[in-house]
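Quick caveat, the model's predicted, so the values are computed rather than measured. Residue numbers start from 1 in every chain, and the chains themselves are labelled A, B, ... in the order their sequence lines are given, proteins ahead of strands.
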Amino acid sequence: MSSFLNEISTVLVFGLAYAMLLFIISVGLSITMGLMGFANLAHGSFAMAGGYVTVTLVSQMNVPFAVALLIAFIVVAFLSIPFERFLYRHLYRRPELDQVLLTIGLVFVSIAGVTFIWGPDPHLILMPEYLQGSINLGFNIFPKYRIFMIVAGAVIVAGLFYGLERTSIGAKIRAAVDNRRMAESCGINTGRIFTWTFALGSGMAALGGGLGIQILGGIKPVFAFEYLVIFLIVVAVGGLGNIRGTFFAALILGIIDFAGKFYFPEGGAFVIFAVTILVLLIRPQGLFGKA
Amino acid sequence: MTAITGADTAATAEAVKFLQTRHRFHWAEVLPWVIAIAVFYLLPGYRLLATQILVMILFALSLDLIVGYAGIISLGHTAFFGTGAYITALLAANNIPDPLIGLVAAAIGAAVLGFLSGWVLLRTAGLTLLVLTMAVTIMLGELANDFDEITGGFDGINFTNSEIFGLIEIDQLWYTSSYIYVLVVLFLSFLLIRTIVHAPFGRMLIGIRENTKRMSAIGTPVHQRQVLVYVISAAIAGIAGALWVQVQGNVTTGVYAFELSGDVLIMIILGGTGRLYGAFIGATVFKILESLTEQILGTNQPYWQLTIGIVLILTVLFARRGLYGIFEDIGEKWKDRSQ
């Protein structure tokens, strides 16, 4: 019985930590797709940029981990603004294929860029003392970092929901997602909303990139492609532009993915794709998407 | 037809003439084949690269059928390429080494997969479809890696083909007969694809691409037609996959690589979608650019990714109709000037 409890709690804690990471990174992608109708496959590149900023700050400049994460968030958020203003904006009305191709091009360039600067090998960072080692919760022992990840994720999720549901900026964003024309005729400057939400989403991705270094076994150039599929899956399963949906999708897929790999070390990676196909066949608009 | 022609004005007559002659062969269509044969004799040292280009042209053509004509965006076309490749390799490794049987089996196998996946996948559109095509391909890749006692995993399977018609050996060293073999298969497949896109079926696909709702309103069974073109495209991609491994005598799980799906999509964008010859230009330029980059700058740094990334961004922003579109524009200007 206790070994069963051990297993379940391990799967839940590790899966939940992974799910939080998935949500933090994917939520920006979901908003970009729902709000601007833009298929931004370069979203993983922004997450990767956040990871590299964090790595550089922590290991070369001895910046504390938490501060480095904050800087990564701000730097990438601001860096992403010119991309939206000068590049993406021209393609909002163009076919999806054009958006996909342009952003794939960006992914290629970003992968090449980081390889030139940081090399092809994965970079790891030394975690601060308070995040090292394990913690005993009475019934099982967990790595501190996973617990930290869950707590940090929960705080971010709560902040995001509060911001979206309870502030006027949040209300404007929701209005723009629901009906852009109507929002505009109410005097909301949707163009500016787009830019700021895009920056926020990219910053969140960067934060996720930094937080994920430890969990994903280091940051490396192929990150931008390797995890892109997972982020897209989370967004599609959750329903485009639906933040609550993205959260539950990340939760379900994160835990299922970890459980799959835990119980079937061979072929466990396959489980998440099978689940995705099944879900999207029954509900093509995603679990929480509008038909 | 005569009724319309009889109906008059110069404008309609011209339109009718256009419709009646559109499918006829233009003299310039001989060019790619002349070039292919010239390369064989004049640049024997490049036959390996040229063979790879020919196979990629076929693969790109198959993708152009769904992306360029029917407007179905797929980032998972390697599912069919890889399946065709594995079917052929596994047949050859299990005492059915006839290359032509391999091709037919690959086409049928890929078509079945295309039917099964297309039937369910094509009920979705846009991002969902994109994600699903990716998911199917990655899933097949994972399966191929998991069942490595069958697929040979990362190291792959080696096999030998028997002679074509019991006469011609596919040579895997100098790429003489194998080059011709690939060229002939490409030529025959191209004739088939060309016929398909100029037939009413092909026109209907363009209609579906341009306005799905309207096509549905005038009575086209849209889903059924999309599945049909998906199956045809899958079969041709399967043949391309089969050719790819037959000329190498080896197959690895790399044939399911998700990156290859991206590459082949880039090829048709680079060349120009929905115009057949775009696939020829795109695949050729892509492969030559790739090998030039690797020769000049080396493979130890991601120069190639940088190159293709920049090329892709520039193509989308400034040359949406691809290189073929640029050639068309130059041709138009030339005509204007000479008049």
Revision key, fill the gap. If one checks every heavy atom of B:Ile73 against chain A at 4.5 Å, the contacting part turns out to be side chain
Practice item. Decide yes or no for A:Ile277 and B:Met139: does some side-chain heavy atom of the first lie under 4.5 Å from some side-chain heavy atom of the second? Key: yes
Check your understanding: Do any N or O atoms from the side chain of A:Arg94 and from the backbone of B:Val316 form a donor-acceptor pair under 3.5 angstrom?
Key -> yes
Point to revise | Sub-4.5 Å side-chain heavy-atom contact between B:Ile310 and A:Val109 | key: yes
Practice item. Looking only at non-hydrogen atoms, find the nearest pair between A:Ala236 and B:Val131 and report the distance. Key: CB-CG2, 4.1 Å
Point to revise | Segment of A:Leu41 engaging chain B (4.5 angstrom heavy-atom cut-off) | key: side chain
Check your understanding: Can you check whether B:Leu306 reaches A:Phe108 side chain to side chain, under 4.5 Å on heavy atoms?
Key -> no
Check your understanding: Would you find more than 12 non-hydrogen atoms of other residues, nucleotides or ligands less than 6.0 Å from B:Arg203 atom CZ?
Key -> yes
Exercise for review: Look at atom CZ of B:Phe147 and say whether more than 12 heavy atoms of other residues, nucleotides or ligands are closer to it than 6.0 Å.
Suggested key: no
Review point. Does any non-hydrogen side-chain atom of A:Asp98 lie less than 4.5 Å from one of B:Ile269?
Key: no
Review point. Side chain, backbone, both or neither: which part of A:Leu106 has an atom under 4.5 Å from a heavy atom of chain B?
Key: both
Review point. Non-hydrogen atoms of chain A under 4.5 Å away: do they reach the side chain of B:Val120, the backbone, both or neither?
Key: both
Exercise for review: Kindly assign one of parallel, tilted or perpendicular to the pair A:Phe225 and B:Phe258, based on the angle between their ring planes and the thresholds 30° and 60°.
Suggested key: perpendicular
Check your understanding: Given a strict heavy-atom distance threshold of 4.5 Å, which part of B:Val311 is in contact with chain A: side chain, backbone, both, or neither?
Key -> neither
Check your understanding: Side chain, backbone, both or neither: which part of B:Leu130 has an atom under 4.5 Å from a heavy atom of chain A?
Key -> side chain
Review point. Looking at B:Leu314, B:Ile266, B:Ile308, which has the largest count of heavy-atom pairs under 4.5 Å with chain A?
Key: B:Ile308
Exercise for review: Could you tell me which of A:Leu232, A:Thr115, A:Leu101 has the largest number of non-hydrogen atom pairs under 4.5 Å with chain B?
Suggested key: A:Leu101
Check your understanding: For A:Phe78, does the CZ atom sit with more than 12 other heavy atoms under 6.0 Å from it, leaving out its own atoms?
Key -> no
Check your understanding: OH of A:Tyr227: more than 12 outside heavy atoms within 6.0 angstrom?
Key -> yes
Review point. Do any N or O atoms from the side chain of B:Thr124 and from the backbone of A:Pro284 form a donor-acceptor pair under 3.5 angstrom?
Key: no
Exercise for review: Could you tell me the separation between the CG atom of A:Leu280 and the CG atom of B:Leu121, rounded to the nearest 0.5 Å?
Suggested key: 9.0 Å
**Study point:** Between CG on residue B:Leu312 and OG1 on residue A:Thr103, distance to nearest 0.5 Å
**Key:** 8.5 Å
Study note, to complete from the structure: Whatever's closer than 4.5 Å to a heavy atom in chain A on B:Leu75 counts as side chain
Revision key, fill the gap. Under 4.5 Å to a heavy atom of chain A? For B:Met134 that would be side chain
Practice item. Supply the atom-to-atom distance A:Phe273 CZ to B:Leu132 CG, rounded to the nearest 0.5 angstrom. Key: 11.5 Å
**Study point:** Close side-chain approach of A:Leu91 and B:Leu317, heavy atoms under 4.5 Å
**Key:** yes
Exercise for review: Please flag which part of A:Val107 lies under 4.5 Å from any non-hydrogen atom of chain B: side chain, backbone, both or neither.
Suggested key: neither
